Amino acid sequence: MSVDAKQAPAEPTPLVRMRGISVEFPGVKALQEVDFRLFPGEVHALMGENGAGKSTLIKALTGVYTPAAGVTTLDGREVSFSGPAEAQAAGISTVYQEVNLCPNLTVAENILLGREPRRFGAVDGRATRARAAELLADMGLHIDPGSVLAEHPIAVQQLVAIARAVAVDAKVLILDEPTSSLDQDEVAELFRIMRHLRDRGVAILFVSHFLEQVYEISDRMTVLRNGRLVGEHRTSELSRLDLVSLMIGRELGALAEVERLAGQAGEEASTVPVLEARGVGRKGSVAPFDLRINRGEVVGLAGLLGSGRTELARLLFGADRPDSGQVTVDGRALHLRGPRAAIAAGIAFCSEDRKGEGVVADLSIRDNLILAMQAANGWARPIPRRVKDQLVEKWIKALDIRPANPDALVGKLSGGNQQKVLLARWLVTEPKLLILDEPTRGIDIGAKTQIQKLVAELAQEGMAVVYISAELEEVVRLSHRVVVMKDRAKVAELDQNATVDDIMRLIAHVDERPEAVAA
Amino acid sequence: MTTSATPVKGKSPLALPGRRSVPGRVVPVIATFVLFVLLFGVGTARYDGFLSGQVVANLFIDNAFLIVLAVGMTFVIVTGGIDLSVGAVVALSTMVAAAGLQAGLPAPLVVLLVLAMGSTLGLLMGLVIHYFEIQPFIVTLAGMFLARGLCFVVGVESISIKDPTFRTFATAAIPLSGTVSITWSVVIALAIVAVAVWVLHRTRFGRTAYAVGGNENSAMLMGLPVARVKVGVYVISGLCSAIAGLLFSLYMLSGYGLHAVGMELDAIAAVVIGGTLLSGGAGYVLGSLLGVLVLGVIQTLISFQGTLSSWWTKIAIGTLLLLFIVMQRVFMRRQP
Ligand SMILES: Nc1ncnc2c1ncn2[C@@H]1O[C@H](COP(=O)(O)OP(=O)(O)OP(=O)(O)O)[C@@H](O)[C@H]1O
Ligand SMILES: [Mg+2]
C-alpha cells in the first residue's frame, strides 16, 4: 500500500496502453506478446535492431495491421482501428518510416489533404497554400507550397511529412525514423517542435537509430528484440552501453568496441586513378569541379543538405547529364549519356532514395541480387546457379540481412534490411567505383559498423568508394580524402588528417574562401 | 535556424504562397488544344464550309455521349485504374431504355432505372476491385462481358424507341444563333463536364483520387478514405456510362446489344490524348473533353473528304494516340 502511494503521483495513467500484442505474418512472428505504454507529455523512444518489430508495433497501433492477440486502449477505452484513417480521427497522428506521401501532388496538398480549408464545399486552393506555407515556416522550411512534391529532395519530403503530422491537434504523435535523412539543423528544429508539443501534453513516440538523438529528446524508452519486449526504462536511468546490449542481446564490452569494429580508412591508397573528372558540372545543379578518385581509396563527400553532395554523385553516375567537362575512367574518356554507360564502365551508385529507385519489392532477396548480377554480366552469359547461390549467401551474411533467407520477399523486410539488400545489389556487381549515398541511413548501430567495416575492406581490396553521409564523424573516419561541398560547389578537398571541426568550419564560413581550396 | 531548401533545378526557389507553379502538368492539355486548332485549321483551309458554327456544334452533338463517357473514364484513370465495361454498359442502357419504353413504362422511371443500373454495376466492380484486390483490367473486362451478355437477355433484335418524350427530347433543337443549334444532349454533356471539373479538381473526393493515383499505399497511410474513393470512381464511371447510354439512345432512337462496340477504347483514347496519364495521378477533365473533340474533328475531316473510308478515323486515332503517349513520356523524362 505504501509503495503504491509513493509511486502513484509519479505515474499518471497512460494515454496509450498495449498489452500482449502479437502480430504474425506468414512464416514470421513479428511481435510476440509485447506490452507498451505511452504517457501524455512524454517523448518515448522505441528502440531495437533492424527487424526488431518497431514499425510493426506502430502499425498495429494505428490499424494498418490487425494484431493476432492483445488489447489496445486509448484514454482508458479499448480501441481497435480498422486503418490509419480511424486512428487519425481518434487523435493519433503518424509519420511512417520512409516518406509516405504522394509525389504527384503539391507540397501544400500533401500537408493538408483530407483537411483542406474549404469554401462552399470546394477545396480552397489559395487558403490551402497559405496555410501550408505557415506550417512549413514554423518548421523553418521555406519552399513554394505550390510546387510538386517530387521536385524536392528526400529530406525536404521528410519534413513535409512531419509538417503533415503536426498540423493536426493530435493527442498522440508517432514518428518512425523521421530524422533518417535530416541534417543537424533540421533535427534541432524538429526537436524544438517536439518539445513544444510535449510540453502541451502530447504523447510522442519516436524511433531513431541515432543514439545521440534518442538520448537528447526522449524521457523513456521501450526496447524490443526479435519481436519481444525486452524492457521499459527511463532514459536517464539507462546508459548507452546497457541500451545497446539490451538491443542486441549480447554483453558488449563497451560502446567503444563498436566504434573500434567500425571501418577505418586504410593506411594509404594507391595513386592509380580510377576516375578523373575535369570541369564537370551542370547548370543549376553543381558548379564545375575537378575530382580524382584512386584505386582503393575512399573519398568522403561532406556538406549540408542541398550543398550538392547527391547532385555531384548523380553527375558522376550519369543519372543527370553533365553539361560541361570530361570524365575519364581508367584513362579512357567516358561519355556519361546515362547510368547504363556508367554501369558498363564499372561505376555503381547506391542512391539515398531507396524507395524511388531501389529494390524490386515483389521479388525475393535472391532474385533481386541475381537481377543485378545478370544486368552487369550481360544477359547472354548466364551465371551458373551454384555461383549465384554462393554469392547471394555471401552477401546476405556479409551484410547480416535478416531474415537470412534468400527467398524472403524484399517488400516484406524491415526498412533497414531493405536498405541492406539495396546495398548488396550493387556489391554483387563488383564495381570499380562504388558511390554510396547515405548507405547507413535507417540502419541499426550494429549493422552500421558492419557496413562501415565492409567499406573499409572493399577499399583495401582495391575498390574505389565515394562515401556520402550527413554524419561527419563517419565520413572522416572512413575517408582517405574528404571533399567539402557548399552551395552546390566543391569548396575544399581535405586529406586524411582532417577533423570534423575542420569540415564544420569550412561549411560554416560565410564569404571568406578557405585556403584548402587549392588541394 | 532556417533550412536552406534546395532550389529546384532551373526553377526559382522563391516561395509564393498565393500562387501555384505547376504549369508543367498543363502542357499536355495545351498540346491537345493546339492539335485541335491545327486540325480545324487544316479543315478550314481545304474544305469550303468547314469553318462554320454548325460544324463545331455538330462536333458536340455527335459526340455528346463520348464526352460523358470520357469524363467518367477520367476519374477512373486518375486513380490509376481502367474501366473496360463502359461501352457494354452504354449498349445495355440503350437496351434497357428501349425495352422499358416498349413495355410502356413512363420515361422518367426508365431514366431512373437505367441510372440505377449503371451505378450499381460500377459499384459492384469497384467493390470487387478494392476488396478482393483484383486488377481493374480483369474485373471490368468481366463486367464488359456481363453487360454485353445481359443486352441479349433483354432482347436479341434492335428495338426502336417510339416514346414521344424521348423523341421530342432527341429532336428538339436549341438555337444558339440564327443558323447554329444544338441538342439537349449537348447541354447535358456540358453540364456533366462542369460538375466533373468541380468534383475532380475542387473537392476532397477529387483530390484524394489524385492521391490514390500517385501512391495508393501512401494515401492509405495518410489516413485518406482510399476505399471510398476507389470504389467511388467506378460508381461515377458506371453512372456516366448509363447517362452516355441514354444520350446514345436519344442519338440512335433505338436500343441494341451491338451498339457502342469498342466505344470504351474511344473513351480511353480520348482521355489519354487529353493528357491524362494512364499510370494515374495526373490529368484534367477539360483535357478529356478536348480529347473527344480532337477525335470528332478527325471524323469530320474524313467525312468532308468524302472518298476515304471511315476506317481511316481509326488509323488517325491510333497514330495520334501513339504520338501523344510518346510525347508524354518525353515530357515526363525532362522533368526532374
Ligand atoms: N508486411 C510484412 N509481411 C511479412 N513480414 C513482415 C511484414 N512487415 C514486417 N515484416 C517482418 O516483421 C519483422 C519486423 O519488421 P519491422 O518493420 O517492424 O522492423 P523494424 O524494427 O521497424 O526495423 P527497422 O529498424 O529496419 O525499420 C521483420 O522480420 C520483417 O521482415
Ligand atoms: Mg521500421
Side-chain angles (χ1 to χ4, degrees), chain A residues 64 83-89 94 96 99-106 108-110 113-114 116 118 121-123 125-126 129-130 132-134 136 139-148 150-153 155-156 159 164 183 185-186 188-189 192 282-285 304-307 320 487, chain B residues 1-25 78 80 197-229 277 279-283 332-333 335-336:
Chain A
V64 179
E86 258 186 48
Q88 223 169 63
T94 314
Y96 294 91
V99 181
N100 278 296
L101 295 172
C102 294
N104 59 324
L105 301 181
T106 65
E109 283 181 314
N110 269 297
L113 205 61
E116 307 96 328
R118 284 190 288 190
V123 171
R126 184 175 286 270
R129 289 192 291 282
E134 257 171 53
L136 290 170
M139 302 188 60
L141 190 61
H142 298 278
I143 55 172
D144 177 5
S147 54
V148 177
E151 291 174 359
H152 297 284
V156 172
L159 289 170
R164 176 181 174 83
D183 68 20
D185 286 353
E186 289 159 335
E189 194 67 30
R192 186 183 62 73
R282 180 183 155 103
K283 261 218 176 65
S285 174
L304 296 177
L305 166 76
S307 60
D320 294 327
D487 295 338
Chain B
M1 207 177 303
T2 26
T3 306
S4 54
T6 330
V8 174
K9 284 165 220 149
K11 255 198 170 178
S12 144
L14 275 187
L16 289 175
R19 202 156 292 169
R20 204 190 288 219
S21 63
V22 285
R25 294 195 286 177
V78 159
V197 167
W198 190 78
V199 172
L200 192 59
H201 303 317
R202 307 284 295 166
T203 65
R204 283 188 185 166
F205 178 90
R207 300 324 295 168
T208 306
Y210 284 89
V212 171
N215 188 334
E216 191 180 327
N217 188 43
S218 291
M220 185 270 289
L221 290 177
M222 283 163 88
L224 300 174
V226 173
R228 195 188 314 158
V229 168
L277 288 185
S279 51
M332 293 306 277
R333 268 218 200 117
Q335 286 206 322

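Everything numeric in this text was worked out from a predicted model, so none of it was measured. The chains referred to below are lettered A, B, ... by the order of the sequence lines, with proteins before strands, and numbering in each begins at 1.
With chain A as partner, the option from B:Leu221, B:Thr203, B:Val212 having the largest number of non-hydrogen pairs under 4.5 angstrom is B:Leu221. In terms of heavy-atom pairs under 4.5 angstrom with chain A, the leader among B:Ala282, B:Gly214, B:Gly206 is B:Gly214. Note on A:Gly121, A:Ala155, A:Ala132: by heavy-atom pairs under 4.5 Å with chain B, the leading option is A:Gly121.
Residues meeting the salt bridge (charged side-chain N to carboxylate O under 4.0 Å, His left out) test with A:Glu86, sequence neighbours left out: none.
Residue A:Cys102 comes nearest to B:Ala211 through the heavy atom pair SG-O, 3.3 Å, listed as atom of the first residue, atom of the second, then distance. The heavy-atom pair separating B:Trp198 from A:Ala122 by the smallest distance is NE1-CB, 3.7 Å. Between A:Leu105 and B:Tyr210, the shortest heavy-atom distance links the atoms CD2-CB, 3.5 Å. Nearest heavy atom pair, residue A:Leu101 against residue B:Asn215, reads O-CB, 4.1 Å. Across all their heavy atoms, A:Asn110 and B:Met222 have their closest contact at O-CE, 3.4 Å.
No salt bridge links A:Glu116 with B:Arg207; every basic N to acidic carboxylate O contact stays at or beyond 4.0 Å.
In this structure, the separation between OG on B:Ser218 and CG on A:Leu113 is 11.0 Å, given to the nearest 0.5 Å.
Looking at A:Arg164, only its side chain comes within 4.5 Å of chain B, counting heavy atoms on both sides.
The shortest distance between side-chain heavy atoms of A:Asn100 and B:Asn217 falls below 4.5 Å.
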